[in-house]
Amino acid sequence: MYAAERQQQILLLAQQRGRVDVPSLAEEFGVTQETVRRDLSALDRAGLLRRVHGGALPAGGLHLEPGLAERDSTAAGEKERIAKAALGLLPTEGSVLLDAGTTVSRLAALLPADSTLNVVTNALPVAARLADHTDLTLHLIGGRLRHRTQAAVDAWALRDLADIHADLAVIATNGFDAEGGLSTPDLAEAAVKRAMVGAARRVVLVADSAKYGARHFARFGSLGQVDVLVTDTGLTDEQAAEIESLGPQVIRA
């Protein structure tokens, strides 16, 4: 396949999936990762894609949001390792806020059946994972359900969160970087995430490294508000050092 043909296919895949990553494209087209990076750079220079760490978004991709099933299957191995590492940061007792997100849902699935935590969540997938944990106290935040993320948002959710002081919040994000902070495509969901960050004494951010450098429409916080970032080994030493200079401890699983 000629480079121009491959780049056309990459562009099509980016438009269909909402984002593409270097390792998957290299395997899909049977070329080296360096070849894929050159393709993405060429498409970026042409204004057809926007390069982010580990891959690319379609031009104008700040407004694109993949569905829950697609997000869960993206970087699945990395998310599983991140969830296992984040599990060790949870207190043995006390209260925990669990945000909506596929990595957070994986974390919920790892909670021991005999956990006695007080868990507060606005995410239906998280609640479903914990519904049979009879020793655990599960609180559901109400509000309008966003079907794309299965998360409760808007005034009811914000009112519930205003009355909570949690020991720890585990927060997901669609994008993060030193300057752009934490961001997500939807304003209503960003407001809930912002309220969760403000309701907890400590904040753990769980995000795979492919999200580093991505900026979405709604900003809900800064890395300076995060105590610990749990990510994967795709985050470079330089990037980790830059993040740690802002305050958070970085754990690469």
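Both backbone and side-chain heavy atoms feed into the values below; hydrogens, waters and symmetry mates do not. For reference, positions follow the sequence shown, starting with 1.
- Here the OG1 atom belonging to T233 is positioned 9.5 Å from the CD1 atom belonging to I82, to the nearest 0.5 angstrom.
- The distance from atom CD1 of I171 to atom OG1 of T103, rounded to the nearest 0.5 Å, is 12.5 Å.
- For the residue pair D21 and S24, a side-chain donor N or O sits within less than 3.5 Å of a side-chain acceptor on the partner.
- A 4.5 Å side-chain heavy-atom check between L11 and Q9 finds every atom pair outside the cut-off.
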What do the steps show when you test V96 against T121 for side chain to side chain contact (heavy atoms under 4.5 Å, CB included), and what is the final call? CA-CA 9 Å; V96 175; T121 186; over 6 Å; no
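- With contacts defined as side-chain heavy-atom distances shorter than 4.5 Å, the pair I141/M196 qualifies.
- Put simply, the residue from V197, L161, L168, V104 that forms a side chain to side chain contact (heavy atoms under 4.5 Å, CB included) with L97 is L161.
- By the rule that hydrophobic residues join a cluster once side-chain heavy atoms approach within less than 4.5 Å of another member, L57 and L12 end up as members of separate clusters.
- Contact annotation: the side chain of V120 never approaches that of L98 to less than 4.5 Å [non-hydrogen atoms, C-beta and beyond].
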I'd like to know whether H133 forms a side chain to side chain contact (heavy atoms under 4.5 Å, CB included) with L130, so could you lay out the CA-CA distance, the side-chain angles of the two residues, the decisive distance to 0.1 Å, and finally the verdict. CA-CA 5 Å; H133 287 45; L130 299 176; 4.1 Å; yes
Go through L13 and R19 one step at a time and tell me if the side chain to side chain contact (heavy atoms under 4.5 Å, CB included) criterion holds. CA-CA 8 Å; L13 290 173; R19 70 173 297 136; over 6 Å; no
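- Salt bridge annotation for D237-R252: present, with a cationic side-chain nitrogen under 4.0 angstrom from a carboxylate oxygen.
- In this structure, the side chain of T35 does not engage the main chain of V31 through any donor-acceptor pair within 3.5 Å.
- Between the CG atom in N118 and the CD1 atom in I164 there is a gap of 10.0 Å [rounded to 0.5 Å].
- Nearest heavy-atom pair, A188 versus R144, reported as atom, atom and distance to 0.1 Å: CB-NH2, 3.8 Å.
- Atoms OG and CG, from S222 and L246 in turn, are 8.0 Å apart once rounded to the nearest 0.5 Å.
- For the side chain to side chain contact (heavy atoms under 4.5 Å, CB included) test with I243, the passing option among D177, L235, L205, V226 is L235; the others fail.
- Taking both residues in full, the closest heavy atoms of F176 and D208 are given as CE2-O, 3.7 Å, listed atom of the first, atom of the second, then distance.
- Under the salt bridge (charged side-chain N to carboxylate O under 4.0 Å, His left out) criterion, R38 pairs with no residue, sequence neighbours left out.
- The two residues L49 and A56 make their nearest non-hydrogen contact at CD1-CB, 4.0 Å.
- Between I10 and F29, some side-chain heavy-atom pair lies under the 4.5 Å cut-off.
- Counting heavy atoms from C-beta on, the side chains of L158 and V192 come closer than 4.5 Å.
- L140 and V119 end up in the same hydrophobic cluster when Ile, Leu, Val, Met, Phe, Trp and Tyr side chains are linked at under 4.5 Å.
- The nearest pair of heavy atoms linking Q7 to A42 is NE2-CB, 4.0 Å.
- Side-chain atoms of V170 and L90, non-hydrogen and from C-beta on, do get closer than 4.5 Å to each other.
- Within the 4.5 Å cutoff, side-chain heavy atoms of Y212 are placed close to those of E242.
- The shortest side-chain heavy-atom distance between V203 and Q225 does not fall under the 4.5 Å cut-off.
- Not a single donor-acceptor pair under 3.5 Å links the side chain of T184 to the backbone N or O of N174.
- Taken from OG in S105 to CZ in R129, the straight-line distance is 4.0 Å, to the nearest 0.5 Å.
- The salt bridge (Lys or Arg N to Asp or Glu O under 4.0 Å) pairs that include a residue from residues 81-100 are D99-K193, where partners are two or more places apart or lie in different chains.
- The main-chain N or O of E189 is never found under 3.5 Å from a side-chain atom of R146 such that the two would form a donor-acceptor pair.
- No path of Ile, Leu, Val, Met, Phe, Trp and Tyr side chains, each step under 4.5 Å between heavy atoms, connects L223 with V206, placing them in separate hydrophobic clusters.
- Taking every heavy atom of both residues into account, T137 and H139 meet most closely at CG2-NE2, 3.3 Å.
- D227 places no side-chain N or O within donor-acceptor distance of the main-chain N or O of V204, the cut-off being under 3.5 Å.
- With sequence neighbours excluded, no residue forms a ring pair (Phe, Tyr, Trp, His ring centres under 6.0 Å) with F220.
- Put simply, F217 and V153 are part of two different groups of oily side chains (I, L, V, M, F, W, Y) that touch within less than 4.5 Å, one to the next.
- Under the 3.5 Å distance criterion, the side-chain polar atoms of S183 are matched with a main-chain donor or acceptor of H216.
- A salt bridge does not link R202 with D167: every distance from a Lys NZ or Arg NE/NH1/NH2 to an Asp or Glu carboxylate oxygen is 4.0 Å or more.
- Between the D160 side chain and the G142 main chain, a donor and an acceptor come within less than 3.5 Å of each other.
- Looking at E244, its side chain does come within 3.5 Å of a backbone N or O of V250 through a donor-acceptor pair.
- With hydrogens and angles disregarded, a donor-acceptor distance shorter than 3.5 Å links the side chain of T231 to the backbone of S209.
- For the residue pair T236/Q239, the side-chain donor-acceptor check at 3.5 Å is satisfied.
- At a threshold of 4.5 Å between side-chain heavy atoms, the hydrophobic network of Ile, Leu, Val, Met, Phe, Trp and Tyr places L89 and L136 in one connected group.
- Checking side-chain atoms of T173 against main-chain N and O of L182 turns up no donor-acceptor pair under 3.5 Å.
- In this structure, CG in D154 is found 10.5 Å from CG in L145, a value given to the nearest 0.5 Å.
- Dense packing is recorded around CD of E28, with more than 12 heavy atoms of other residues, nucleotides or ligands lying under 6.0 Å away.
- In this structure, the side chain of D232 does not engage the main chain of A253 through any donor-acceptor pair within 3.5 Å.
- Closest non-hydrogen pair, R219 versus R194, comes out as O-NH2, 2.7 Å.
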